[in-house]
Amino acid sequence: MSAVNDTKFKSKVFLLTGIPGQEDVQNLWISLPLCLMYVISILGNSVILLVIKTDLSLHEPMYMFLSMLGITDLGLSIATIPTILGIYLFNSREISLDACFTQLFFIQSLHCTESSVLLLMAFDRFIAIRDPLRYTSILTLPRIAKMGLVCVLRGVAVMLPLPLLLKRFRYCRVNVLSHSYCMHQEVMKMACSDIRVNNIYGLFITVLTVGFDSLLIFLSYVMILKTVLSIASHKEFLRALNTCVSHFCAVLLFYTPEFSLTLIHRFGKGSSPSFQIVLGYINLLVPPLINPIVYSVKSKHLRSRIIRVFVK
């Protein structure tokens, strides 16, 4: 009888969920804004990548790092489109275990990569302000390419054990996930096995990646502020700070919902499920949407090249 029950309740698929209580209106009032956000995100990042690739005057360190950020944001958008829009447009809730683990891996590794890229961009701003005469000689294109490769390899190496660990478990509990995409913190709770290793490893990689990167970014800004305060000219002072505004906005957009979600999943047992879901959407959809807009508005050089493309 126990063997029959084990076979009966062993999950082969997970069921994804939209926003609770909004089932009657989600097909129209939620799917349309989501589609619009995805279109703007993909078009915005694609245009920036195209302009940077085709315009040799933009082959500078800052724009190379911006192109890395754009590629990462594109990857995040593409990784979440099938399940999020699948629910709200076609009411397609089922996802196989392998597909769920694959999506989970790409979301987690791309998040880790984006955190690394934001750290490199903070280092880029520090070098540009601290030693502008040697800026391009320090951050050469081959060196930037190696940095980008290290970021990707780091994300893959750190996050690859997650789906492999999850694949070993049996899933015989209620298989309904509370989000429209797969998250490690939630999927591992569906297992009817000992998940202590996943809990410890998940906390370890969060501290090692997002926690460590955010600390180094904070220290970078402390050093940037110290350098800027030593500038005598008020005009140069404002110009130096202005070059950091776009990156500072990108850091806030990425780390604020990221840390909030981490704290809620670890300690917020009584938090509202709807709030967690909305915060999860903000974490995944808002940075790819806002980053290209912020950089296009703040960078006069990039903005003029984008306008030239559309004018043509």
Side-chain angles (χ1 to χ4, degrees), residues 40-41 44-45 47-73 114-145 147-148 151 213-259 286-312:
I40 295 174
S41 299
N45 287 290
V47 168
I48 287 181
L49 288 172
L50 178 64
V51 170
I52 293 176
K53 182 179 183 299
T54 56
D55 195 326
L56 295 179
S57 66
L58 296 177
H59 290 187
E60 300 176 0
M62 184 182 77
Y63 298 109
M64 292 295 102
F65 289 123
L66 178 58
S67 65
M68 293 181 192
L69 185 66
I71 292 172
T72 308
D73 284 339
E114 182 156 350
S115 178
S116 304
V117 171
L118 289 173
L119 175 58
L120 293 181
M121 296 176 81
F123 176 70
D124 165 75
R125 290 299 84 208
F126 171 69
I127 296 297
I129 294 173
R130 182 67 179 269
D131 200 354
L133 297 179
R134 299 179 57 219
Y135 174 56
T136 54
S137 63
I138 294 175
L139 294 175
T140 61
L141 293 183
R143 191 169 293 170
I144 292 172
M147 290 178 177
C151 290
D213 291 347
S214 59
L215 176 61
L216 291 180
I217 290 174
F218 173 76
L219 294 176
S220 297
Y221 269 98
V222 170
M223 298 171 70
I224 287 172
L225 189 59
K226 183 179 178 181
T227 304
V228 169
L229 289 175
S230 64
I231 299 176
S233 171
H234 182 68
K235 184 178 180 180
E236 292 296 327
F237 173 84
L238 293 178
R239 181 185 297 176
L241 283 181
N242 191 51
T243 62
C244 300
V245 171
S246 300
H247 177 257
F248 187 71
C249 291
V251 169
L252 288 180
L253 286 171
F254 179 83
Y255 285 106
T256 302
E258 182 74 17
F259 280 127
V286 172
L289 173 69
I290 301 297
N291 284 339
I293 297 175
V294 171
Y295 275 94
S296 299
V297 170
K298 291 300 297 179
S299 175
K300 185 186 296 184
H301 194 42
L302 178 63
R303 184 173 66 249
S304 65
R305 295 302 188 274
I306 294 175
I307 292 174
R308 185 183 300 175
V309 170
F310 284 102
V311 168
K312 285 183 179 181

For [X], which residues count as a side chain to side chain donor-acceptor pair (under 3.5 Å) partner, sequence neighbours excluded?
{"X": "Asn291", "answer": "Asp73"}
{"X": "Asp55", "answer": "Ser57, Arg305"}
{"X": "Ser299", "answer": "Tyr63"}

ring-ring contact (aromatic ring centres under 6.0 Å, His included) with [X]: which residues, sequence neighbours excluded?
{"X": "Phe259", "result": "Tyr255"}
{"X": "Phe254", "result": "His111"}
{"X": "Tyr135", "result": "none"}

Could you give all pairs that pass the salt bridge (charged side-chain N to carboxylate O under 4.0 Å, His left out) test and reach residues 132-145, with sequence neighbours left out? Asp131-Arg134
If you round to the nearest 0.5 Å, how far is [atom2] of [Y] from [atom1] of [X]?
{"X": "Lys226", "Y": "Phe126", "atom1": "NZ", "atom2": "CZ", "result": "9.5 Å"}
{"X": "Ile48", "Y": "Ile306", "atom1": "CD1", "atom2": "CD1", "result": "5.0 Å"}
{"X": "Leu58", "Y": "Met64", "atom1": "CG", "atom2": "CE", "result": "7.5 Å"}
{"X": "Asn242", "Y": "Leu238", "atom1": "CG", "atom2": "CG", "result": "8.0 Å"}
{"X": "Ile127", "Y": "Ile224", "atom1": "CD1", "atom2": "CD1", "result": "9.5 Å"}

Hey, are the side chains of [X] and [Y] touching, using non-hydrogen atoms and a 4.5 Å cut-off?
{"X": "Leu66", "Y": "Met62", "value": "no"}
{"X": "Cys244", "Y": "Ile129", "value": "yes"}
{"X": "Glu60", "Y": "Thr136", "value": "no"}
{"X": "Met68", "Y": "Ile144", "value": "yes"}

So, the side chain of Thr140 versus the backbone of Ser137: is there a donor-acceptor pair under 3.5 Å, distance only? no
Using only atom types and a distance under 3.5 Å, with no angle test, would you say the side chain of Asn45 pairs donor to acceptor with the backbone of Pro288? yes
Ignoring hydrogens, what is the shortest heavy-atom contact between [X] and [Y]? Give both atom names and the distance.
{"X": "Arg303", "Y": "Ser296", "value": "CB-O, 3.1 Å"}
{"X": "Pro287", "Y": "Pro292", "value": "O-CD, 4.3 Å"}
{"X": "Leu139", "Y": "Pro61", "value": "O-CG, 3.4 Å"}
{"X": "Tyr295", "Y": "Leu302", "value": "O-CD2, 4.0 Å"}
{"X": "Cys151", "Y": "Ser116", "value": "SG-CB, 3.4 Å"}
{"X": "Glu114", "Y": "Thr72", "value": "CB-CG2, 3.5 Å"}

Would you please name every residue forming a side-chain contact (heavy atoms from CB on, under 4.5 Å) with [X], sequence neighbours left out?
{"X": "Ser220", "answer": "Ala122"}
{"X": "Cys249", "answer": "Val245, Val294"}
{"X": "Lys53", "answer": "none"}
{"X": "Val297", "answer": "Ile293"}

Using the six-membered ring wherever Trp is involved, compare the ring planes of His247 and Tyr221 and label them parallel, tilted or perpendicular (cut-offs 30° and 60°). parallel
Apply side-chain contact (heavy atoms from CB on, under 4.5 Å) to Asp213 and Leu118, showing your working. CA-CA 8 Å; Asp213 291 347; Leu118 289 173; over 6 Å; no
Can you sort out the partners of Arg239 under salt bridge (Lys or Arg N to Asp or Glu O under 4.0 Å), two or more places apart, ordered by chain and number? Glu236
As a test of understanding, state which of Ile217, Leu215, Val251 forms a side-chain contact (heavy atoms from CB on, under 4.5 Å) with Leu119. Ile217
I need the single residue from Leu229, Thr227, Val222 that forms a side-chain contact (heavy atoms from CB on, under 4.5 Å) with Leu225. Which is it? Leu229
